[in-house]
Amino acid sequence: MTALNRHRALLDFTVAALARRRVKTLALVAVFAAVVFLLASAMFFAASLRREAEATLAGAPDLIVQSLSLGRQTMIGAEAVPQLAAIRGVTGVEGRLWGYFYDRINGANYTVMVPDTAAMMPPPGQVILGEAVPRLRDFKWQGTPLFLSRREGDLVRFDIARTLGTETALLSADLILMNEADFRSFFNVPAGQFTDLAVSVRNPRELSTVVAKATIRLPEARFVTRADIARTYQKLFDWREGVMVALAFVALLAFAIFAADKASGLSAEEAREIGILKAIGWDTRDVIAMKLWEGGLISGGAFLLGTVLAYAHVFWAGAPLFAPLLKGWAVIYPEFRLTPAIDALQLGTLFLLTTLPYAAATVVPVWRSAAADPDAVMR
Amino acid sequence: MITLHGVSKTYNEGRPNEVTALRGIDLAIAPGVTVLMGPSGSGKTTLLSLVGCMARPTTGRITLAGEVISSLPERFLTDLRRRRFGFVFQRFNLIRGLSVLENVVLPAAPLGAPRAEVEARALSRLEALGLAGKARMPVEVLSGGETQRAAIARALVNDAPVLIADEPTANLDTALAHRFLDIVAGLRAEGKTVILTSHDPRIISAAPVTAVVELRDGAILQVRS
């Protein structure tokens with residue numbers, strides 16, 4: 001009880017001390033919270049991007065087979081399907097249809113796909129749109145049709161079956177999902193031709209063997225494994241994370257300067273107060289405990305505030321501060337909502353990287369003052 | 001009883017700005033009211049600091065109730081300071097921004113007594129000194145005399161048997177100086193030891209004073225009982 005009462009008394013004094021320096025305290029909390037906000041935003045954003053990538057990869061096929069001509073991808077014939085299906089370990093081969101459509105009206109490229117699941121397949125004459133397409137086309141009324149011009153110049157009307165949500169908009173914002181017959185008709189793709197083939201294998205560890213055998217059967221083809229896609233995504237995410245790390249580094253540097261400035265000494269008023277406290281019977285441990293409470297209240301409060309604001313910024317407001325980093329990810333910049341993803345380890349690291357240096361910066365000069373004879377401090 | 005044997009104090013030893021504030025002090029301070037007097041620079045405040053365990057002597061030893069205290073480690077000195085001594089500083093050194101009551105309870109904070117008990121003790125001290133009505137007010141609004149009484153209440157909140165006061169009437173008018181002497185007389189009646197520094201004739205010749213120690217250039221000139 002004695003220790004509890006002691007800490008309660010020290011905490012009372014600390015709160016009173018913070019309250020009487022409220023302008024300075026609020027300024028400190030604001031600076032600290034701003035640093036935490038920037039760092040936490042970058043962390044939430046990076047973690048969420050990684051989760052988006054993982055979600056995308058989870059649905060990716062084990063192996064994609066593309067036909068090449070003059071080193072460029074061309075349509076692949078259906079005759080490759082039985083050749084691949086005959087390889088031991090292959091459990092399925094599906095032809096995929098997808099391509100890009102350049103929209104002259106907006107200067108944007110849409111990704112047009114035939115979905116591989118019945119649930120996502122629109123009825124003939126209808127399309128399912130990513131959230132950015134109706135926004136770019138400025139569709140204000142429900143039931144507005146989508147007109148797309150074919151290569152021949154004629155306009156084709158599609159009714160909109162529905163629009164995809166913003167949850168996966170990072171990758172699906174510019175998407176148009178189309179029925180297979182409509183796709184073939186719109187792009188003049190003859191039956192028996194596919195953009196590429198998606199191959200699934202029983203045991204992913206045998207993938208390299210399957211690829212080796214498939215290479216013998218289809219020497220002109222290119223084989224893209226899930227690991228290849230993962231590497232591509234990683235590269236795409238890496239440079240974005242790199243920019244954020246640079247931002248975070250700048251913020252940490254600013255914080256370090258701030259902490260170093262604080263560590264360099266106490267104000268005359270603070271030193272005088274410590275002298276008074278020591279003279280009236282506080283010892284070095286009491287003064288340091290009081291300053292630790294002070295540092296804890298400021299840094300803990302600022303950390304909480306900065307983290308909550310960062311969460312709201314990234315997951316509710318869609319990370320507007322980082323918008324420039326996302327442009328170029330999808331051809332159309334999506335108005336997306338990132339799926340909340342918090343890396344507890346990263347958050348813990350951020351807590352340690354910000355609160356501990358602050359606590360040290362607070363305690364070191366206090367320790368120097370508090371360790372001196374009270375008489376010396378008073379003089 | 002507090003005794004000093006061959007006590008000297010040198011500041012900034014071995015540096016160009018070395019100053020010897022006290023030299024070879026032998027003194028016994030009995031319960032009652034002892035006044036240390038002398039001109040500025042005579043070593044009064046240094047002697048108070050040493051007796052109050054706020055500094056250590058360079059040479060010599062100090063005993064309190066027969067126990068040598070001058071060579072104790074810092075944490076024991078702190079414990080002595082908070083339990084055995086109460087301090088009233090020349091400028092009173094109340095902490096601005098806090099209320100009178102918050103200032104008075106400060107010496108009790110590290111002792112870990114329940115808050116209600118400490119506050120009751122502090123309010124009782126403030127009431128005895130006529131300040132109970134201003135307990136919740138910030139110290140900035142107090143007059144000079146009220147500030148002094150708040151500082152005395154703070155010095156007494158742990159019921160310390162020794163009160164040390166550095167030039168307590170230096171900033172007070174005659175009426176307030178007499179009020180202070182009344183308080184000192186009351187403390188003496190309670191059996192406490194009061195050690196003051198002063199060159200105020202009103203204090204030196206006052207009734208409650210039991211001993212006057214005259215200092216000059218860091219040495220004792222004479223002791224009058």
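What you see is a predicted model; the values in this text were computed from it and never measured. Here is how names work: the chains are called A, B, and so on, in the same order as the sequence lines, proteins then strands, and each is numbered from 1.
Residue with the most contacts toward chain A among B/Arg115, B/Glu102, B/Arg83: B/Arg115 (heavy-atom pairs, distance under 4.5 Å).
Looking only at distances, no side-chain donor or acceptor of A/Trp282 sits under 3.5 Å from a matching main-chain atom of B/Arg82. Side chain of A/Arg6 to main chain of B/Gly112: no donor-acceptor pair is present (N/O by atom type, distance under 3.5 Å, no hydrogens or angles).
Other residues, nucleotides and ligands contribute only 12 or fewer heavy atoms inside 6.0 Å of the CZ atom of B/Arg84. When the shell of 6.0 Å around CG of B/Asp26 is examined, it contains more than 12 heavy atoms from other residues, nucleotides or ligands. Within 6.0 Å of CD on B/Glu190 lie more than 12 heavy atoms contributed by other residues, nucleotides or ligands.
If you measure heavy-atom distances from A/Asp283 to chain B, the contacts under 4.5 Å come from both the backbone and the side chain. Only the backbone of B/Leu94 comes within contact range of chain A, judged by heavy atoms closer than 4.5 Å. B/Ala113 touches chain A through its backbone: at least one of N, CA, C or O sits under 4.5 Å from a heavy atom, while the side chain does not. Proximity to chain A is absent for every atom of B/Leu77, based on heavy atoms less than 4.5 angstrom apart.
Residues of residues 11-21 of chain A lying under 4.5 angstrom from chain B, judged on non-hydrogen atoms, are A/Asp12, A/Phe13, A/Ala16, A/Arg20 in numerical order.
Residue B/Asn103 holds its CG atom at 7.5 Å from CD1 of A/Ile280, rounded to the nearest 0.5 Å. Distance check: A/Lys278 NZ to B/Arg81 CZ gives 6.0 Å after rounding to the nearest 0.5 Å. Remark: A/Arg285 CZ to B/Glu74 CD distance equals 10.5 Å, nearest 0.5 Å. In this structure, CD on A/Glu273 lies 9.5 Å from CG on B/Leu106, to the nearest 0.5 angstrom. In this structure, B/Ile95 CD1 and A/Leu277 CG are separated by 4.5 Å, a value rounded to the nearest 0.5 Å.
Counting all heavy atoms, side chain and backbone alike, A/Gly281 lies closest to B/Pro110 at O-CG, 4.2 Å. Scanning all heavy atoms of the two residues, the minimum distance from B/Phe89 to A/Ala279 falls at CZ-CB, 3.3 Å.
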>> Before you tell me yes or no, could you show the steps for B/Glu117 and A/Asn5 under side-chain contact (heavy atoms from CB on, under 4.5 Å), namely the whole-Å CA-CA distance, both residues' side-chain angles and the distance that decides it to 0.1 Å?
In response: CA-CA 11 Å; B/Glu117 182 191 314; A/Asn5 284 328; over 6 Å; no
